[in-house]
Amino acid sequence: MNNVITRFAPSPTGYLHIGNIRTALYSWLYARKNNGYFFLRIEDTDINRNNKKYISYIFYILEWLGLYWDNKPIYQSERIDFYKEIIYYMLDKNLVYKCYCDHNRLKKIREICLLNKIKPRYDNYCREKNFNIKNKPYVIRFKNFLKGKVLFKDIVFGDIKINNNELDDFIILRSNGIPTYNFCVVIDDYNMSITHVIRGEDHINNTFKQINIIKSLNYNIPNYIHLPLILNENGNKLSKRNISSNIDKYIESGFLPESILNALLRLGWSYKNNEIFHVHEMKRLFNLTNIKKSSSILNFKKLLWINKYYISNISYKKLFIYLKNFLILNNIKIPKLDNFSEIVSFILPRSFLLKDIYDFCIIFDNNYFFLDRNKMSEFYKNIFIKLLFFFKKKFCMLYLWNINNINKIIFNSFKIFVTLNKKYIYKVLRFFLTGKICTVNISTIILFLGKSKVEFRLNYSIKKLSNFKFFL
Ligand code: GLU
């Protein structure tokens, strides 16, 4: 028997958010670190809120991140009969009971509780009645312990307890025949021999209920590791509806899996003062003792910084695969450039996102070159046509195409066009060669464009600018 078995148990009721994924990462890491198993369980018993697209999304994200699970995923929806068998066994053993209280009665109990300023709870009306009424819908409730307390040692939060009289006889089988979350979790964790339950802090209240079911079935209690919340930059809880916590937005804008994993690892776990952890290091160093108790804040700037680090530090081969996938994902054509790898290597150390690399590359593809009429209107003056003619002549005559010679031509223009500010000359050159107002150093761009594209674009610009004048 292996000593560490963890699981990730998402409910497909919405898109996974950053918090869910961190839970998956920690569970995966802890299993890998200990040569254990990491299982995936799809908790799809909520028939009204489940959606197949969310299940595909779970697979997509875990695979994108490389968090591969062991064995086949378990679907709770396929185990309903099995859960029910156990529930009816518990009914035989008097550990649970049928409750026939209807909606109106439950509503009344709730109102009375609220009136008396106590937490709404079921009043155990059906508990000892042993009702068995034919053709009347019922739910099955767990007979919670009436005395004592539930106590467990959480690996992150330490001792946590609650008095049993604060818990009520909660439902484990709904009237539609579907067992509830707290029950299924206990049965599955036991059947899957889960040793470490790693999940969000918001499940602590469920843990009490689950431990009581475990006790009544004489199962072993697993280790619990509840993870503190992740907050967004405004200090609010992340939710499945919150855009900034949706990971596909990060994928689409060109984050790498390595940086997401690294950033998520650091959200609540630390090792010395290290910021960068490659996956093999995470697997070696991860432990449960260094998980922080306090909530963490998702810091977008830091995420960008980590992404920049990985973009310039992973192998070219890997980067090109990511870049290709990124372009396919965003439905973008791969730019056709002879000196593509040279251009990419130049922009890599300056890129925060894969999108930055793409945005830079397309500057050199003539298919994407165009001059916006509104922006061009700023340059409607004869002197700019003259300036463009000057550059055209000089660049066409240049045979040794290197940065020094390119700079010489630009410096020369300063001497000839003395009435124009130097910065302005750069601006003109940048706009008419790229169609953009800001780019990296224009001499480098000219170098990468090469003579024929520079000639083509200057001719095009001269023509456009002259026509523009004519039409005004
Ligand atoms: N299905 C639960 C959720 O998505 C997780 C349950 C668990 O980890 O025990 O929040």
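Here the structure is a predicted model, which means the values were calculated and not measured. As the structure lists them, so they are numbered: ligands from 1, and atoms in each ligand from 1.
Taking a cutoff of 4.0 Å between a charged side-chain nitrogen and a carboxylate oxygen, Asp81 and Lys84 do not qualify as a salt bridge. A salt bridge is absent between Asp356 and Arg350; no separation between the charged side-chain nitrogens and carboxylate oxygens falls under 4.0 Å.
The cationic atom of Lys308 (NZ for Lys, CZ for Arg) lies less than 6.0 Å from the six-membered ring centre of Phe352 and within 45° of the ring axis.
There is no side-chain donor-acceptor pair under 3.5 Å between Asn144 and Asn124.
Counting the atoms of ligand 1 from 1 in the order shown, those under 4.0 Å from a heavy atom of Arg7 are 7 (C), 8 (O), 9 (O). Taking every heavy atom of Glu43 and a limit of under 4.0 angstrom, the matching atoms of ligand 1 come to 1 (N), 2 (C), 5 (C), 6 (C). Residue Ala9 has at least one heavy-atom neighbour below 4.0 Å for each of these atoms of ligand 1: 1 (N), 2 (C), 3 (C), 4 (O), 5 (C), 6 (C).
Counting heavy atoms under 4.0 Å from ligand 1, residue Tyr181 touches it through the side chain alone. Contact annotation: for Pro10 versus ligand 1, heavy atoms closer than 4.0 Å belong to the backbone alone.
Looking at Arg199 next to ligand 1, an N or O pair under 3.5 Å apart turns up.
Compare Gly19, Ser11, Gly14 by their heavy atoms: the one nearest to atom 4 (O) of ligand 1 is in Ser11.
A salt bridge (Lys or Arg N to Asp or Glu O under 4.0 Å) with Asp169 is found for exactly one of Arg141, Arg127, Lys209, namely Arg127.
Between the Ser295 side chain and the Leu231 main chain, no donor and acceptor come within less than 3.5 Å of each other.
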